[in-house]
Amino acid sequence: MTAAPLHFAGERLMLDPAGALIWPEAGLLAVADLHLEKGSSYAKRGMLLPPWDTRATLDRLALLLRRWQPRIVVALGDSFHDGEGAARLPEGELARLAAMTGFSRFVWVMGNHDPTPQAGLGGHFVEDYVAGPLLFRHQARRGAEGEISGHFHPKAAVPARGCAVSRPCFVTDQRRIVLPAFGAYTGGLDVRDPAIARLFPRGGRAFLLGRDRLFSFAIGPR
Amino acid sequence: MEGTLPEPFAGWFAGRGWSPRPHQLAMLAAARSGESVLLIAPTGGGKTLAGFLPSLLDLHEKPRPGLHTLYVSPLKALATDIARNLTSPVAEMSLPISIETRTGDTPANRRARQRETPPNLLLTTPESLAVLLSSPGADAMFAGLASVVVDEVHALAGTKRGDQLALCLARLATLAPGARRVGLSATIAHPDAIAAYIGARRRIEAPDGVPPAIAMMLPEGRLPWSGHMGLDGAPEIMERIRAAAMTIVFVNTRAQAELIFQALWKLNAETLPIALHHGSLEVAQRRRVEAAMAAGSLRAVVATSSLDLGIDWGGIDQVIQVGAPKGVSRLLQRVGRANHRMDEASRAILVPANRFEVLECEAAMLGVAAGELDGDPPRPGGLDVLAQHLLLMACSAPFHPDAMYAEIAASQPYAGLSRGDFDDVLRFVEDGGYALAAYERWKKLFRDSEGRVHVRSERVARQARMNIGTIVEAPMIKVRLAGKRGFGPVLGEVEEYFVNLLSPGDTFMFAGRLLRFLRLREMAIEVAEGGSGDPMVPAYEGARMPLTTNLADRVRGLLQRPADWHLFPEPVQEWLRLQKRSSRLPGRSDLLVETFPRGDRWYLVAYCFEGRNAHQTLGMLVTRRMERFGMAPLGFVATDYVLGIWSANQPTDVARLFEQDILGDDVEAWMADSSMLRRTFRNVAVIAGLIERHHPGAEKNRRQVTVNSDLIYDVLRRHQPDHILLRATRADAASGLTDLGRIAAMLARVKGRITHMALSRVSPLAVPVLLDIGRESVRSGDDEEALLAEAEAALVAEATGEAEPPGPTSNVPAIHRRNVERGRRRDAQLQLFPRRRA
């Protein structure tokens, strides 16, 4: 696993191929769109998806915490697939999450899927989180600077040898970084979709998640 | 003979100058003795009338209300057409018989009425039958059923739709034990298996009609070495269209249909009405084309398998098959679309697209002449279809698992179903069947104190009925013309992967039009007509069907008998003679493997003739072993006939590369990561109801409910590798996309008979596969990483001035060249966003 350095808003950040952003100087790690308990959320509606999505997501998060040992973990919203997600956490996963929130300070940015604080979790809940020149929020807004967000689940397809390889990706320009979704059952939205493209009117870069490293591609202006 | 028909039937037959055919009378006799029966008759043999005649007679003798005969057809259009054809004799003989159809198009009020007061004869499809059987009143509706007629049963048996129908037939046998079954089939390779499928002990066979007149037509000038599109033949095809009143031009893929259609229109100076018909066009458009055919207002239709089955248009006087026929039975089915009369030969012309296809066409014509049919015998029923069925049955009425198991095991596709598998499927439907009991609260089924299974709520039942069906399409994106205000009409659908290859301004051919890509929006792409430059053509996954075993065997036989080579055109004879001189010819039971150096690489070409799917898998297996032997394989390409592999080091000890133990224990685990397995899982998950296609009230926001099946597959595989759906996936893939069964049979057959020819240069037979390199690609987890790295490196190298943009490859056919070039251009300057307009 090789993380890629990125200079942004005067700070040196690292993009981890697992889909997390790290700010080494502040000891901060950010992930977006965990969508915990998406499986049980679907089960409620009649689709009995395999129930290990929370476990799989927390497995990957635990690896990241071990690798980077962050003091602060910022979850950029939609951490749970719905408002009652935390209440449905299986006991084992709840305990694991408690251990994580005991080890690092968790900042739960609230998203559209989980717009209110969830009971029984460590850490604290915020609308936005400001740290130095950086602004962490769920969904990017126009005119922001130094903004780090999630929400869109960006993915990009790269044509290669007549076929296209599609992967979740970070999307960046001078002003903002949009993180890929981290949850085990989270699909993606193509970066060409107007919802994402209009955030990057002058183009930028997409960092596609690979197994061991990121793949970087320029994206043209709108 | 007419004497055996009572009035008014005898009179009606006589009035049209007809006399009942022997097989029609035999069907009547079978009905009188209450026997279930399979009727095998060629097209135009009065098959459908033979199926219905006993019911008409019975209802004439003993008129009664209620459902008497259920007719099931694989096609909605066929059901509608048969209803129309039955209505006139019934009216002319003033028979007291009501006839209605019931399909997805039937309005809700009529459906409700049909449940209350069903017609005597109900004509429907497997899916609509499943809906009927899932409703609470099913037992009352079908209790008095006397007969079930399944039309085109050969097209259903062995498919997932056929599995679903078999389960529905088993249910009908419980609801109406007295009902007899009638199967109607075209001539088939495995009549016993089809008879067993329908549950008929008796078989009635009508005499064959006049054998079809099939000829091969070669393009003027040179005979292509490779390529599957057959565009070189367009001028000759156009000539034939001009000379006939109505032609169907059959092709093998939707992409080929678009290209041939364009090629014909370029030559269509007199603007003859020539239409296009394939499965990705908007339904309304397809119906318009079919109506125009029926009205006789077309001169030709370019079609894919979307017209293989269907109503009898009568006026078609020739069929042209462009590209390889792939199987004798398939060819006969297509040829049978011309001239639906038994006493005249159907006329057909084969237009091979390359040299190997010339061999295949010749072999297919010999197969037709010898009456040797092909196709695999039906495989065991799918567990995913069973899951869907069990939920639907619970929606209809509570059942006891023991009784349900007995009912299902009585159907032929599920005769071998173990009780353990049945229970696992039932548990999957109940609560997901996971090792982690997480969904107690959201179970779909519950059991009462007597052990009977009930559906949990009306909401679950409603959701189940919304998701009936076993046909699963790849993720598709609608193609919409941009209108002046907002959206214009939808033209059809293309696969998501194709959209990923497009950037704004790119042009592509679709629905017979030249379109320009404007933008992507959620589930649709917006396009405008017109544009310039070489257009791309959308292709569809799994579109090409593999060569059948029988036909492959005939091709091998032809190669071995130089005495028969006079059948081939001179360039092909010359090609084979050259091969014989410079290497050798593949034998009927051995495996010829050639190796030779070329440029800075080594090539290995294996002449297996086992079809693309099998070769694809074999390529993965053999390259893995080459990797282990240090031969540094670089890639491979699979065609229907051969497998070609290129490597950095010389392949030696070739026999060991094709030993049976390449199918070792870890193959399944390792295959599990392949795109073939992922695709198969998606289908299984959708059919079994794990992933819903439709969700109440969710049509407007599909992104909210669609889940990515790959992600689910990964999680399930890690946490419960023996889950019933993963078992179902592996079983499906083994006989389908990975074709492991066919590979195993081949490796066993050629054991000890591998002929290795170490050549100094490429052999004549190997030329086509070398030309195919670069066109075909195989994807697995590792390959994707490599492709991404390659695309990224190309960009960096060019930006730093270390590399020139690569030039075009000369041996790639024009249409693919365009796709390849676009890929390259974008490697150099990736445009993920729309370009700014100047």
Side-chain angles (χ1 to χ4, degrees), chain A residues 38-40 42-53 55-57 59 88 90 156-167 169 171 183-197 200-204 206 208 210-222, chain B residues 428 431-432 434 436 438-439 441-442 444 459-460 463 497 499-501 503 519-522 689-692 695 703 705-708 711-712 714-716 718-720 723 774-775 777 779 781 784-785 787-792 795 816 819-820 822-823 826-827 829-836:
Chain A
K38 181 167 176 175
S40 59
Y42 272 70
K44 230 169 34 170
R45 289 191 281 161
M47 282 167 71
L48 305 178
L49 302 181
W52 296 279
D53 58 312
R55 186 185 296 180
T57 305
D59 283 350
R88 290 196 311 271
V158 176
R161 296 208 190 172
C163 65
V165 180
S166 173
R167 290 291 171 87
C169 63
V171 195
Y185 286 170
T186 49
L189 179 65
D190 197 293
V191 293
R192 292 174 298 174
D193 192 280
I196 299 180
F200 298 91
R202 298 196 190 93
L208 277 64
R211 202 180 37 224
D212 302 315
R213 67 178 185 95
L214 295 165
F215 297 94
S216 157
F217 295 92
I219 49 185
R222 188 158 195 224
Chain B
F428 161 76
D431 64 2
Y434 300 113
L436 183 69
Y439 295 151
R441 271 186 289 170
W442 300 297
K444 290 190 183 176
R459 203 185 65 154
V460 171
Q463 267 173 250
Y497 100 91
V499 173
N500 286 339
L501 293 172
S503 34
R519 66 188 72 86
L520 168 75
R521 263 176 212 262
E522 294 246 330
L690 180 68
I691 298 174
E692 290 181 337
H695 195 82
R703 270 189 55 232
V705 283
T706 51
V707 283
N708 184 328
L711 301 174
I712 290 164
D714 289 336
V715 168
L716 186 55
R718 164 174 298 198
H719 292 277
Q720 196 175 348
H723 189 268
R775 282 222 305 262
S777 63
R779 297 174 50 178
E784 280 197 5
E785 296 282 320
L787 285 175
L788 280 172
E790 190 179 289
E792 191 192 50
L795 169 75
H816 293 288
N819 287 351
V820 170
R822 274 168 205 273
R826 230 152 315 148
D827 288 351
Q829 219 274 296
L830 187 73
Q831 287 280 351
L832 294 176
F833 290 164
R835 280 183 287 266
R836 200 203 305 263

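Chain letters run A, B, ... following the sequence lines, proteins first, then strands; residues in each count from 1.
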Nearest heavy-atom pair of [X] and [Y]: which atoms, and what distance?
X	Y	answer
B:Glu792	A:Leu214	OE2-O, 3.9 Å
A:Asp59	B:Arg718	OD2-NH1, 4.4 Å
B:Arg459	A:Gly46	NH2-N, 4.4 Å
A:Met47	B:Leu690	CE-O, 3.6 Å
A:Leu208	B:Leu788	CD2-CD2, 3.8 Å
B:Leu711	A:Tyr185	CD1-C, 3.7 Å

Side chain of [X], backbone of [Y]: donor and acceptor closer than 3.5 Å?
X	Y	value
B:Tyr434	A:Leu48	yes
B:Gln720	A:Pro50	no
A:Lys44	B:Trp442	no

> Among A:Leu49, A:Thr186, A:Asp53, A:Asp212, which residue forms the greatest number of heavy-atom pairs with chain B at distances under 4.5 Å?
Replying inline: A:Leu49
> Which one of A:Ala56, A:Ala195, A:Gly210, A:Gly187 has the most heavy-atom pairs closer than 4.5 Å to chain B?
Replying inline: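 The residue among A:Ala56, A:Ala195, A:Gly210, A:Gly187 with the greatest pair count is A:Gly210.
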> Can you say whether A:Pro51 sits under 4.5 Å from chain B via the side chain, the backbone, both, or neither, judging by heavy atoms?
Replying inline: both
> Heavy-atom distance under 4.5 Å between the side chains of B:His719 and A:Arg55, does that happen here?
Replying inline: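 B:His719 vs A:Arg55: side chains touch.
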> Quick one: are B:Ile712 and A:Tyr42 in side-chain contact, heavy atoms under 4.5 Å?
Replying inline: no
